[in-house]
There are 2 protein chains.
Amino acid sequence: MAATINDVARVAGVSISTVSYALSGKRPIGEKTRQRIESAILELQYQPNAGARALAGRRTYILAVTEPLRPDTYTPAHMAFVLAAATAARAYDYDVLLLTQDEATGGLHRVTSSRLVDGVIVLDVLAEDERAELVRSLDVPAALVGIPADTDGLVCVDLDFEAAARLAVDRLADGGHRVVGLLGHPPSVYARGSNFPLRFREAFVTHAAERDLEVRLGAPERTIAGVREAVAEILGPDRDLTGLVMHCEDTIQMRTLDVLCAAGLRVPQDVSVISAASTFDTSTFAPPLDVIPLIPAESCSRAVELTIAQITGTVEPRVELIPPTYVDRGSTAPRRP
Amino acid sequence: MAATINDVARVAGVSISTVSYALSGKRPIGEKTRQRIESAILELQYQPNAGARALAGRRTYILAVTEPLRPDTYTPAHMAFVLAAATAARAYDYDVLLLTQDEATGGLHRVTSSRLVDGVIVLDVLAEDERAELVRSLDVPAALVGIPADTDGLVCVDLDFEAAARLAVDRLADGGHRVVGLLGHPPSVYARGSNFPLRFREAFVTHAAERDLEVRLGAPERTIAGVREAVAEILGPDRDLTGLVMHCEDTIQMRTLDVLCAAGLRVPQDVSVISAASTFDTSTFAPPLDVIPLIPAESCSRAVELTIAQITGTVEPRVELIPPTYVDRGSTAPRRP
DNA sequence: CTGAAAGCGCTTACAG
DNA sequence: CTGAAAGCGCTTACAG
């Protein structure tokens with residue numbers, strides 16, 4: 001039914017190897033020849049057979065993307081990464097095979113050893129992640145978006161969460177704030193061993209100490225009551241807190257702003273607020289928030305790049321940290337006496 | 001490097017065709033033979049090469065899943081469908097190739113005509129959806145989850161949203177409620193041409209008229225202010241509304257409950273509330289809500305089933321509507337005089 | 001600049 | 001119940 005390379009060769013009056021080389025560009029083709037091949041391809045609507053190409057070329061042009069999507073996972077952010085990975089892959093003419101939960105390791109094993117995929121992108125990496133182990137032992141082209149506890153032999157890419165935390169602290173300290181708070185993820189997220197919330201929190205505490213700030217930590221549940229409670233606690237009985245950093249889901253951030261507003265606290269006049277390592281758009285919040293963005297496209301396209309580099313050559317194991325940037329939207333101000 | 005079927009055959013002392021048949025089960029194998037083959041496979045850690053299998057067997061065991069993930073799309077719900085499709089596919093030993101936005105039609109064309117995939121699952125179908133056209137003209141095994149305006153020649157599966165709307169209306173009407181409201185999606189969702197919100201709303205209005213109810217419609221924005229405004233409007237100046245159906249995102253539903261609570265209205269004593277066609281868990285809401293669930297696993301596994309049936313045989317074009325069910329959690333009560 | 005041919009690793013009639 | 005062999009549709013040395 002579908003046209004094959006033989007059909008194209010016949011119609012163009014050349015050999016199939018010439019057609020193949022014309023397609024891959026791996027050797028020079030005469031001008032008239034290339035024209036004849038091109039029109040034959042158009043005429044026949046030829047599309048190379050993926051299976052044959054994979055078998056002969058030892059390359060499927062498919063990348064596995066594993067994203068466990070665990071319960072309690074914050075879907076929009078994780079999906080943003082899946083999407084970014086897919087988009088980045090397409091930019092290199094790769095397709096993406098989606099591997100989810102139950103398949104975390106079994107599926108990875110299956111698709112790599114059957115050569116269904118040329119490489120692997122690992123998303124939502126835990127500090128202790130069996131997928132990291134597997135990738136290491138499988139010795140397959142791969143990149144992790146996130147940093148496991150043991151990075152030995154692995155290629156990892158991530159936002160520099162420690163630097164992001166320091167950036168937020170410095171912004172507040174430089175503004176003269178003395179008492180600052182961190183509103184983090186729900187407790188279960190820290191318990192699960194997701195590594196970046198911990199990395200952020202530790203760096204936050206450490207650097208705040210270095211800058212001589214008093215630090216208060218909150219880990220609110222998603223409910224309105226949970227947020228209200230955490231905010232009240234972090235503000236303190238005297239409401240002496242004047243700097244607030246939020247490293248959590250958009251729902252919690254929006255609710256926090258609701259709560260501050262209801263409490264009669266103005267941003268930034270009474271409290272300076274920074275949204276840290278956020279994947280969502282804080283410019284539509286009321287008020288718009290200063291943000292240190294976490295850009296999925298950035299880490300994912302680098303991860304794809306490094307994976308493909310491994311497919312076509314060699315890449316030294318490494319941990320690449322992406323430097324954070326600060327976007328000012330007027331939600332911070334110097335502390336008022 | 002990796003073991004091939006030839007290695008297995010050699011180690012087991014049989015021909016490669018016997019190994020192949022042992023693997024596929026397409027012809028009976030002697031007991032001792034099967035044992036020898038099995039242990040050879042284990043010993044060599046043999047995994048059939050996907051490319052070779054695709055080429056010779058004309059089957060890749062991959063399904064394309066297209067989910068545009070448009071801006072303004074409600075990610076968690078859509079992801080739930082992608083996940084459900086992936087899970088359902090794996091149950092049939094199929095993998096899933098993820099096709100996103102820009103690739104809506106171009107990608108579909110590419111992966112089907114290169115025989116990269118055996119079939120297609122189309123998610124988040126619009127009333128006018130170019131993917132529906134494409135699937136029709138490509139004549140590839142496919143199923144849509146959702147109902148386009150023109151279903152001619154297509155296989156479609158979806159929750160029966162009309163029946164769901166009637167179910168909700170009947171519940172309220174039977175409880176003696178006379179003034180009922182529908183809190184729907186943000187206006188942009190209706191504008192976009194997503195078909196199920198419209199199907200639900202129309203059936204709601206029609207059936208409420210049949211049951212002699214006064215109907216009020218709201219389409220709030222996601223913000224707290226937007227919800228507050230819509231709820232106030234729907235309650236009416238006299239607050240004579242006693243039945244409320246919500247067909248919208250969880251954020252809006254949670255905020256609506258906040259607003260009702262703040263207004264001093266109790267559920268179900270003052271207002272009976274039903275969550276309709278919801279993919280999320282309403283049992284953790286305060287209060288837990290009666291729900292007519294929309295279960296992604298249901299429609300997706302049926303869609304996968306019908307697609308695979310097309311791959312292996314013939315399936316008549318059809319529109320399959322899944323009957324809704326009602327889960328009582330005590331958020332509705334008879335109207336008090 | 002181009003072609004003839006081997007080979008990638010399977011599946012499946014065909015034969016016994 | 002099992003084997004020998006053709007063939008799936010490409011890529012890529014090898015040769016000219």
Side-chain angles (χ1 to χ4, degrees), chain A residues 1-38 40-41 44-62 93 110-116 118 311-312, chain B residues 1-38 40-41 44-62 93 110-116 118 311-312:
Chain A
M1 195 63 235
T4 73
I5 198 172
N6 285 290
D7 301 321
V8 176
R10 189 170 20 77
V11 170
V14 298
S15 74
I16 64 164
S17 53
T18 302
V19 175
S20 178
Y21 283 117
L23 246 21
S24 68
K26 289 192 181 173
R27 81 181 183 191
I29 305 289
E31 192 43 31
K32 330 88 185 306
T33 313
R34 112 159 313 120
Q35 306 244 327
R36 292 218 307 286
I37 293 177
E38 243 164 47
I41 286 176
L44 298 169
Q45 302 210 52
Y46 171 67
Q47 279 277 76
N49 179 289
R53 198 157 72 127
L55 180 56
R58 312 173 150 282
R59 204 83 118 240
T60 62
Y61 298 93
I62 302 178
D93 261 312
R110 182 171 51 79
V111 299
T112 54
S113 58
S114 67
R115 322 245 83 154
L116 216 193
D118 298 337
I311 295 170
T312 53
Chain B
M1 193 64 235
T4 73
I5 198 172
N6 285 292
D7 301 321
V8 175
R10 189 170 20 75
V11 170
V14 298
S15 73
I16 64 164
S17 54
T18 302
V19 175
S20 178
Y21 283 117
L23 247 21
S24 69
K26 288 191 180 173
R27 82 181 182 191
I29 305 290
E31 192 43 31
K32 330 86 184 308
T33 313
R34 113 158 314 120
Q35 305 244 328
R36 291 217 308 287
I37 293 177
E38 243 163 46
I41 287 177
L44 298 169
Q45 302 210 54
Y46 171 67
Q47 279 277 76
N49 178 289
R53 198 157 72 126
L55 180 56
R58 313 173 148 281
R59 204 80 121 241
T60 62
Y61 297 93
I62 301 178
D93 262 311
R110 183 170 51 79
V111 301
T112 53
S113 58
S114 67
R115 321 246 82 156
L116 217 193
D118 298 336
I311 295 170
T312 52

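Order of the sequence lines sets the chain letters (A, B, ...), proteins ahead of strands, with each chain counted from 1. Atoms considered below: every heavy atom in the structure, side chains included; atoms not considered: hydrogens, waters and symmetry mates.
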For the residue pair A/Thr312 and A/Arg59, establish whether any side-chain heavy-atom pair is separated by less than 4.5 Å.
-> yes
Heavy-atom side-chain contact between A/Tyr46 and A/Asp7 under 4.5 Å = no
Integer-rounded Å distance: [N] [atom2] and [X] [atom1]:
| X | N | atom1 | atom2 | result |
| --- | --- | --- | --- | --- |
| B/Tyr21 | C/dC10 | OH | P | 15 Å |
| B/Leu55 | D/dT11 | CG | P | 12 Å |
| B/Gln35 | D/dC1 | CD | P | 15 Å |

Atom CZ of A/Arg36: over 12 foreign heavy atoms under 6.0 Å = yes
Look at the side chain of B/Thr60 and the backbone N and O of B/Leu116, then say whether any donor-acceptor pair between them is shorter than 3.5 Å.
-> yes
With sugar-phosphate meaning primed atoms plus P, OP1 and OP2, does [X] contact a base, only sugar-phosphate, or nothing at under 4.0 Å between heavy atoms?
| X | value |
| --- | --- |
| B/Ile16 | base |
| A/Arg27 | base |
| A/Thr33 | sugar-phosphate |

Taking for each residue the nucleotide of DNA chain D bearing the nearest heavy atom, is the 5' side occupied by B/Lys32 or by B/Ala56?
-> B/Lys32
Spatial distance of atom CG (A/Leu23) from atom CZ (A/Arg34) [nearest 0.5 Å] = 10.0 Å
Of the options [options], whose atoms approach the side-chain atoms of [X] most closely?
| X | options | value |
| --- | --- | --- |
| A/Pro28 | D/dC10, D/dC8, C/dC1 | C/dC1 |
| B/Ala52 | D/dG9, C/dG9, D/dG3 | C/dG9 |
| B/Ser15 | C/dG3, C/dG9, D/dG3 | D/dG3 |
| B/Lys26 | D/dT11, C/dT12, C/dC10 | C/dT12 |

Check if the side chain of B/Ser17 and the base of D/dA4 share a donor-acceptor pair of N or O atoms closer than 3.5 Å.
-> yes
Under 4.0 angstrom between [X] side-chain N/O and [N] OP1 or OP2:
| X | N | answer |
| --- | --- | --- |
| B/Tyr46 | C/dC10 | yes |
| B/Arg58 | D/dG9 | yes |
| A/Thr4 | D/dG9 | no |

By the Watson-Crick or G-U definition, both distances under 3.5 Å, D/dA4 is matched with none
